[in-house]
Amino acid sequence: MIDVPDKLISRYYIESDITGDPNWGINVGETVHFYKTDTLDYGMEGISRLDSALLKGGMLVIDVLSEFRHGGELTISSDYVVDEQGNPFSTTFVISLSGEDYTGHREILMEGYHISTDLKVKPDSTITYIIVKYDLALTNSGNPIEVGQECSIDMSFQDMEFYSAYGFVEPREELNQSGEFEIPLYSERPELADIIFADPRINIYVNNSIGLPLEIELNDMTATSAIDGSLVELTFEGIHPFWIDAPGINQVGETIATEININNTTSNIDEFLACAPSYITYDIIGRTGYESLSDEHFVLDTSKIDMIVEFVLPLDFKTTGFSLQDTMDFELFGEEEVDTSLI
């Protein structure tokens, strides 16, 4: 439900970044630091946002190319990404001095890292981001820096998975399932078609440990009559779609129960079943929802939603055109005394 696409960021140090620094080129062998920062947009689809996440998997891939003929080090760090001990992320490439370009490649497993974002509100949008810092320390070898030379850094966060993720999920469709099921009571015993149940009910029991509210819509629930093949649609009075409660931000790890009762005061279920359905077709739509843009949602890797649908047909019914037949002994007077009889 909280899907973060792969993120790519590129940063360049060009010739003028180095030669334009007044500290560069004074003394051969002297090391000069060149600092840059990048804001990595962690925006998601629509108005959804990621506030923080504990990573279960994924990879940070870094590629470095330096065309400068000077040795040194490149350190990439971020206070927004910390390891399991709470240490900010940092990795250093040692740039060797040679007559050729330096290339470095690194793949860093992100399991156990925690990412936190900052929020920037604009008139027409809200952006979440992290800040990445670069420290390029070059040691002056005495070689010239030519126009067009550069040091490039490409970073990509790939295939991120979460133990937990917190933020906001905009309304969207998460479930759309259609199908049909048979009602053996009528399909196998058509002679029971005249039975009318006094108080039929459908009860839906939902257990939800996903930290965002949901709504369930029975978009198209239609019964096909075993009597004449006619169709009857289940319609509702009052609240529909049905709201599924969710644990709040202070109930992480808990499961919240919701019970939905469909009866003859909230729907036309009596008419729905009175047609003696041989089977029922359905189309169930599930959507995420929210009450305010300031809502805080969460999803754990153990979060789930369970749903049980119960049909209740109480043994309180009436019927017409239904007969019971049995065989019994019948005796009038003694058998020797009756030749014929008329009933």
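In this structure, CZ on Arg201 lies 9.0 Å from CG on Asn264, to the nearest 0.5 angstrom. In this structure, Asn219 CG and Asn176 CG are separated by 7.5 Å, a value rounded to the nearest 0.5 Å. Rounded to the nearest 0.5 angstrom, Gln158 CD and Glu107 CD are separated by 7.5 Å. Here CG of Asp118 is found 3.5 Å from OH of Tyr80. Values are rounded to the nearest 0.5 Å. Taking CD1 from Ile210 and OG1 from Thr302, the interatomic distance works out to 10.0 Å, rounded to the nearest 0.5 Å. To the nearest 0.5 Å, the span separating OG on Ser48 from CG on Leu212 amounts to 9.5 Å.
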Intermediate values then yes/no, side chain to side chain donor-acceptor pair (under 3.5 Å), Arg106 and Thr91 = CA-CA 9 Å; Arg106 194 160 295 173; Thr91 187; 2.7 Å; yes

Full working for side-chain contact (heavy atoms from CB on, under 4.5 Å) between Ile260 and Ile244 = CA-CA 9 Å; Ile260 299 168; Ile244 307 299; 3.8 Å; yes

request  = List the steps and the verdict of side chain to side chain donor-acceptor pair (under 3.5 Å) for Asp220 and Thr222.
outcome  = CA-CA 6 Å; Asp220 182 12; Thr222 303; 2.8 Å; yes

message = Before you tell me yes or no, could you show the steps for Glu111 and Tyr163 under side chain to side chain donor-acceptor pair (under 3.5 Å), namely the whole-Å CA-CA distance, both residues' side-chain angles and the distance that decides it to 0.1 Å?
response = CA-CA 9 Å; Glu111 181 179 4; Tyr163 285 116; 2.7 Å; yes

Working for salt bridge (Lys or Arg N to Asp or Glu O under 4.0 Å), residues Asp17 and Lys36 = CA-CA 10 Å; Asp17 292 324; Lys36 286 182 179 285; 3.5 Å; yes

task = Test side chain to side chain donor-acceptor pair (under 3.5 Å) on Asn207 and Asp306 and set out the steps.
result = CA-CA 5 Å; Asn207 292 308; Asp306 295 325; 5.4 Å; no

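Pairing each heavy atom of Phe168 with each of Asp295, the nearest pair is CD1-O, 3.6 Å. When all heavy atoms of Cys151 and Val64 are compared, the pair lying nearest together is SG-CG1, 4.3 Å. Closest approach of Val299 and Ser303 over heavy atoms only: C-OG, 3.9 Å. Nearest heavy-atom pair, Cys275 versus Ala223, reported as atom, atom and distance to 0.1 Å: SG-CB, 3.9 Å. Of all heavy-atom pairs between Ser78 and Val132, the closest is CB-CA, 4.4 Å. Residue Arg287 comes nearest to Glu217 through the heavy atom pair NH2-OE1, 2.8 Å, listed as atom of the first residue, atom of the second, then distance.
Side-chain contact between Asn140 and Val32 is absent, with no heavy-atom pair separated by less than 4.5 Å. A 4.5 Å side-chain heavy-atom check between Met307 and Ile216 finds at least one atom pair inside the cut-off. Between Met221 and Ile280, the closest side-chain pair of non-hydrogen atoms falls below 4.5 Å.
For Glu259, the CD atom sits in a packed shell: over 12 heavy atoms of surrounding residues, nucleotides or ligands are nearer than 6.0 Å. The environment of CD1 in Ile239 is sparse: at most 12 heavy-atom neighbours from other residues, nucleotides or ligands sit within 6.0 Å. Remark: Glu173 CD is packed, more than 12 non-hydrogen atoms of other residues, nucleotides or ligands lying under 6.0 Å away.
The side-chain tip of Lys133 does not point at the ring of Tyr35 from less than 6.0 angstrom away and within 45° of straight on.
A centroid separation of less than 6.0 Å is found between the aromatic rings of His70 and Trp24. Between Tyr102 and Phe93, the distance from one ring center to the other does not fall under 6.0 angstrom.
Ring-plane geometry between Phe242 and Phe236 is classed as perpendicular, the angle between the planes exceeding 60 degrees on a 0 to 90 degree scale with a lower cut at 30. Ring geometry for Phe181 against Tyr282 counts as tilted: the plane angle lies between 30° and 60°, on a 0 to 90° scale.
One hydrophobic cluster, built from ILVMFWY side chains closer than 4.5 Å, cannot hold both Val206 and Trp243; they sit in different ones.
Electrostatic pairing of Asp51 and Arg49 counts as a salt bridge here, judged by a charged N lying under 4.0 Å from a carboxylate O.
When each of Ile202, Ile262, Thr235 is checked for a side-chain contact (heavy atoms from CB on, under 4.5 Å) with Leu218, only Ile262 meets the rule.
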